[in-house]
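Below, each value reflects all heavy atoms present in this structure, side chains not excepted, and no hydrogens, waters or symmetry copies.
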Amino acid sequence: MNPKSPLPPLRGMSLPLTLFYAGLDEVRQEVFDLRKEIAAQGESSEWRPMRVERIELPTPTAETMLTLLNEGIGPLIMDYEIVETIA
């Protein structure tokens with residue numbers, strides 16, 4: 001595990017295929033499912049609080065896609081907010 005990562009170890013767990021969601025309810029359900037999967041592993045795994053974050057990106061254009069490919073998502077973030085922390 002990366003020592004700087006806030007994420008719990010993910011041994012033997014399936015990661016969600018979707019990382020971006022349209023609605024908060026979808027995100028909550030995915031995090032609750034992940035928490036349940038971690039709890040099922042017993043004492044060998046520990047749940048750590050997970051932040052639900054909202055980011056606002058510009059409308060996709062050829063220019064923004066080139067920025068994404070060449071520089072990553074950071075330069076495209078227009079607004080960022082921690083919506084909640086699920087403990």
*Which pair of non-hydrogen atoms, one from Pro58 and one from Leu76, has the smallest distance, and what is that distance?*
CD-O, 3.0 Å
*Reported OG1-to-CZ distance for the pair Thr85 and Arg48, which is rounded to 0.5 angstrom*: 15.0 Å
*Keeping the roles fixed (side chain from Arg54, backbone from Asp79), state whether a donor-acceptor pair exists under 3.5 Å.*
no
*Answer yes or no: does atom CD of Glu63 have more than 12 heavy-atom neighbours from other residues, nucleotides or ligands under 6.0 Å?*
no
*Does the side chain of Gln29 come under 3.5 Å of the side chain of Asp33 through a donor N or O and an acceptor N or O?*
yes
*Minimum side-chain heavy-atom gap Ile77-Leu57 below 4.5 Å*: yes
*Rounded to the nearest 0.5 Å, what's the gap from CH2 on Trp47 to CD on Glu37? Could you check?*
10.5 Å
*So which heavy atom on Ile82 is nearest to which on Arg51, and how close?*
CD1-CD, 3.6 Å
_Pairwise distance CZ(Phe32) to CE(Met50) - rounded to 0.5 angstrom_ = 11.5 Å
*Quick one: are Ile86 and Glu84 in side-chain contact, heavy atoms under 4.5 Å?*
yes
*asked:* In the structure I gave you, are the side-chain heavy atoms of Asp25 and Arg28 within less than 4.5 Å of one another anywhere?
replied: yes
_Chi angles and distances behind the side-chain contact (heavy atoms from CB on, under 4.5 Å) call for Ile73, Leu68_ = CA-CA 5 Å; Ile73 199 166; Leu68 178 62; 4.1 Å; yes
